[in-house]
Amino acid sequence: MKSLFAEKVREVVRSIPKGETLPYMVVAERAGNPRAARAVGTIMKNNYDPTIPCHRVIRSDGALGGYNRGVSQKREILLEEGAICK
DNA sequence: TAGTTGACCGGAA
DNA sequence: ATTCCGGCCAACT
């Protein structure tokens, strides 16, 4: 049974348009817990659903953060979508 | 039930 | 600008 928060987080991440990135903070806020940015990472890490563009979620500092498939892959995807200004 | 962990954040040194 | 520290929250052991 997945918690409501995790489910909401997935929905939010899934609604991220191509070519745009959303900080963990914002995802947490839209999920209902503005202070659960950390928990979002925990959920994402455990979430391997390809329908969820978790690579669009980055840190508020502008850093990519992490990725279950490798940060290199994440960076490549974002560059390909134009979500990164170099 | 309680303690530890981590794809985080913001402020201080 | 970079590094360190405490706080917050969900999942795991």
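Each chain gets a letter, A, B and so on, in the order its sequence line appears, and its residues count up from 1. Because only heavy atoms are used, hydrogens play no part in the values below, and waters and symmetry mates are left out as well, while side chains stay in.
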Please check the phosphate of [N] (OP1 and OP2 only) for any side-chain N or O of [X] closer than 4.0 Å.
X	N	result
A/Asn33	C/dA10	yes
A/Arg35	B/dC9	no
A/Ser3	C/dA10	no

Rounded to the nearest Å, what distance is computed from the [atom1] atom of residue [X] to the [atom2] atom of nucleotide [N]?
X	N	atom1	atom2	answer
A/Leu22	B/dA7	CG	P	20 Å
A/Arg59	B/dA7	CZ	P	11 Å
A/Met44	C/dA11	CE	C1'	13 Å
A/Arg69	B/dA7	CZ	C1'	15 Å
A/Leu4	C/dA10	CG	P	11 Å
A/Tyr24	B/dC9	OH	P	8 Å

Checklist entry - A/Asp61 has a side chain; which of C/dA11, B/dA7, B/dC9 sits nearest to it? => result B/dC9

Checklist entry - So which nucleotide from C/dA10, B/dC8, B/dA7 ends up closest to the side chain of A/Ile43? => result C/dA10

Is [X] touching bases, backbone alone, or none of the nucleic acid, heavy atoms closer than 4.0 Å?
X	answer
A/Ala36	sugar-phosphate
A/Thr42	base
A/Met25	sugar-phosphate
A/Asn46	sugar-phosphate
A/Phe5	sugar-phosphate

Item to check | Step-by-step side-chain contact (heavy atoms from CB on, under 4.5 Å) determination, A/Asn47 to A/Val13 | outcome: CA-CA 11 Å; A/Asn47 181 51; A/Val13 176; over 6 Å; no

Checklist entry - Can a salt bridge be assigned to the pair A/Glu7 and A/Arg10 using a cut-off of 4.0 Å between side-chain N and carboxylate O? => result no

Next on the checklist: With nearest nucleotide decided by heavy atoms, which residue, A/Ala6 or A/Arg38, maps closer to the 5′ end of DNA chain C?
Outcome noted: A/Arg38

Item to check | Heavy-atom side-chain proximity of A/Val9 to A/Met44 below 4.5 angstrom | outcome: yes

Checklist entry - Do the side chain of A/Arg30 and the main chain of A/Val12 share a donor and acceptor less than 3.5 angstrom apart? => result no

